[in-house]
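Below is one structure; the comments refer to it alone.
Below, chain A is the first sequence line, B the second, and so on; all start at residue 1.
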Number of protein chains: 2
Amino acid sequence: MAERSEPARDPEAVSRFVEHFAAQLVEAGLQRMPARVFAALLASDRGVLTSAELSEALKISPAAVSGAVRYLAQVHMVSREREPGSRRERYRVHGDQWYEALTNRETVIKRWEDALREGVTSLGPDTPAGRRLTETLAFFEFIDREVVAMMERWRAHRAERFGRA
Amino acid sequence: MAERSEPARDPEAVSRFVEHFAAQLVEAGLQRMPARVFAALLASDRGVLTSAELSEALKISPAAVSGAVRYLAQVHMVSREREPGSRRERYRVHGDQWYEALTNRETVIKRWEDALREGVTSLGPDTPAGRRLTETLAFFEFIDREVVAMMERWRAHRAERFGRA
DNA sequence: CCTTAACTTCACAAATTTCTGAAAGAAGCG
DNA sequence: CGCTTCTTTCAGAAATTTGTGAAGTTAAGG
């Protein structure tokens, strides 16, 4: 038998990590299945798993995998790719996963900003409440700008430490 | 009748804003009642409302107010104060609300980091999965540091624009 | 084209969450 | 101290969410 270059994986240790990390994500507001699927991908060797592998590893139905993956793709936390010459779909976490996720969170903040602007207008900019909303809006606008710069710094930091673009 | 210095509030406009903004917060993962209570406080003149006022404005039972406020206080999005010489409790959003909320989110990230460190150890730092987890961990550690600096910049920015410490 | 493997959609059963009314618990005020 | 007012806790009804099996859809491979 050919020698494997990487240590063997302990499925139980993997599962323990997956469930533990997923639980933290759930606590932060992510739904259960998306959280588990995402954690499983994160803990996989290549960062890629097929639907069948996820179904097997997490003991959930293909339908559940489908739903979880649809959600994760929508918020750009995984990408889906078709294995060439096969009906198998593969789901991948990429290196930019968190960048993407944060960028997506930004669009959430945009909607908050819209709601706040509407509030300022309808309550009146010169009312006490209007002023509070204005300040809140200013905070989010500030964050928007800062996060862009921050992510650029992260890319530089990562390139230096992990040596890729 | 003495003249009021502030424009009168249109309860319907307030309610529209409250429900709309709360809906955005819910979509971002907050529970419904905490979201509505928070939005109501944000849209109030003084940033302070009593339990009874919240109950009345949102058409929910005192029990629901109690539960929502307990949660919001726990994550530092409102503070509770006792009106001196009364059994009435007052709930307040302060200017530091978002700072506090973000700081709190940081403690969530700390738990993610713990889970990741555990994963790196149990999967092995030299496995492909271990390396991916290590990079993810590095990202969060980076964010931790950056957010602290960012919030300092916000305080300066706010002081300049809104003129308070 | 037809077959078949793989994913998705849909309706529903189960589990969970949410909110309420009622009872219990604090705390001011007489 | 006990009365009264407000808040919290608790058990349960109602609504929502979640995950499944089964049928439906898509596309590869003969």
Side-chain angles (χ1 to χ4, degrees), chain A residues 15 18-19 21-41 44 48-75 77-93, chain B residues 15 18-19 22-41 44 46 48-75 77-93:
Chain A
S15 175
V18 167
E19 297 307 329
F21 190 61
Q24 305 301 325
L25 294 175
V26 167
E27 206 163 331
L30 204 60
Q31 292 154 341
R32 180 177 307 279
M33 287 296 136
R36 295 181 71 208
V37 165
F38 183 76
L41 282 168
S44 69
V48 174
L49 291 173
T50 65
S51 178
E53 288 168 331
L54 284 167
S55 182
E56 156 71 16
L58 300 174
K59 305 281 185 241
I60 58 180
S61 72
V65 174
S66 176
V69 161
R70 179 173 22 148
Y71 173 80
L72 290 170
Q74 204 167 17
V75 301
M77 287 177 73
V78 310
S79 59
R80 12 183 22 155
E81 21 185 273
R82 187 50 76 88
E83 207 165 313
S86 161
R87 278 127 292 191
R88 279 214 177 93
E89 198 116 18
R90 307 190 313 180
Y91 309 113
R92 146 167 284 139
V93 287
Chain B
S15 174
V18 167
E19 296 308 328
Q24 305 301 323
L25 295 175
V26 167
E27 206 163 333
L30 204 60
Q31 293 153 341
R32 182 177 306 279
M33 286 298 133
R36 296 181 70 208
V37 166
F38 182 76
L41 283 168
S44 69
R46 301 199 307 122
V48 174
L49 292 173
T50 65
S51 178
E53 288 168 330
L54 284 167
S55 183
E56 157 70 16
L58 300 175
K59 305 280 187 242
I60 58 181
S61 72
V65 174
S66 176
V69 161
R70 178 171 24 149
Y71 173 81
L72 289 170
Q74 203 167 16
V75 302
M77 286 176 74
V78 310
S79 58
R80 11 182 23 152
E81 20 184 275
R82 186 51 74 89
E83 208 166 313
S86 160
R87 280 125 289 188
R88 280 217 178 92
E89 198 113 21
R90 306 190 314 178
Y91 309 112
R92 145 167 283 141
V93 287

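- Between A/Lys59 atom NZ and D/dT20 atom P the separation is 12 Å, expressed in whole Å.
- Between B/Ala35 and B/Leu25, the shortest heavy-atom contact is CB-CB, 4.0 Å.
- OP1 or OP2 of C/dC7 has at least one side-chain nitrogen or oxygen of A/Ser51 nearer than 4.0 Å.
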With B for base contact, S for sugar-phosphate-only contact and - for none (protein heavy atoms under 4.0 Å), nucleotides 9-17 of chain C reads B--------
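- Within the 4.5 Å cutoff, side-chain heavy atoms of B/Leu58 are placed close to those of B/Val18.
- One interatomic measurement links the two molecules: CD of A/Glu89 to P of D/dA28, which rounds to 11 Å at whole-angstrom precision.
- For A/Leu49 and C/dA6, the CG to C1' distance is 16 Å, given to the nearest whole Å.
- Residue pairs meeting the salt bridge (charged side-chain N to carboxylate O under 4.0 Å, His left out) criterion with at least one partner in residues 23-32 of chain A, sequence neighbours excluded, are A/Glu27-B/Arg111.
- Pairing each heavy atom of A/Leu49 with each of A/Ala40, the nearest pair is CD1-O, 3.9 Å.
- Counting to the nearest Å, the P atom of C/dC7 and the CD atom of A/Glu81 are 13 Å from each other.
- The main-chain N or O of A/Leu41 is found under 3.5 Å from a side-chain atom of A/Ser44 such that the two form a donor-acceptor pair.
- Look at CD1 on A/Ile60: it is 14 Å from C1' on C/dC7, rounded to the nearest Å.
- Considering only side-chain N and O atoms, A/Arg80 lies nowhere under 4.0 angstrom from the phosphate OP1 or OP2 of C/dA6.
- Proximity note for A/Tyr91 (side chain, C-beta onward) versus C/dC7, D/dG19, C/dT20: the nearest is C/dC7.
- Residues passing the ring pair (Phe, Tyr, Trp, His ring centres under 6.0 Å) test with A/Tyr91: none are found, sequence neighbours excluded.
- The salt bridge (charged side-chain N to carboxylate O under 4.0 Å, His left out) contacts involving residues 57-66 of chain A comprise A/Glu56-A/Lys59, where partners must be two or more places apart or lie in separate chains.
- In terms of heavy-atom proximity, A/Ala64 sits nearest to A/Met33 at CB-SD, 4.4 Å.
- At whole-Å resolution of the value, CZ in A/Arg88 and P in D/dG29 are 12 Å apart.
- For residues 78-88 of chain B, every residue pair satisfying the side chain to side chain donor-acceptor pair (under 3.5 Å) rule, not counting sequence neighbours, is listed here: B/Glu81-B/Arg90, B/Glu81-B/Arg92, B/Arg82-B/Glu89.
- Put simply, CE on B/Met33 is 14 Å from P on D/dA15, counting in whole angstrom units.
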Considering only nitrogen or oxygen atoms on both sides, find all protein atoms under 3.5 Å from nucleotides 24-30 of chain C and state each distance.
unit_1	atom_1	unit_2	atom_2	d
C/dC29	OP1	B/Gly85	O	3.0

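- One can place CG of B/Leu72 at 13 Å from P of D/dT8, the figure rounded to the nearest angstrom.
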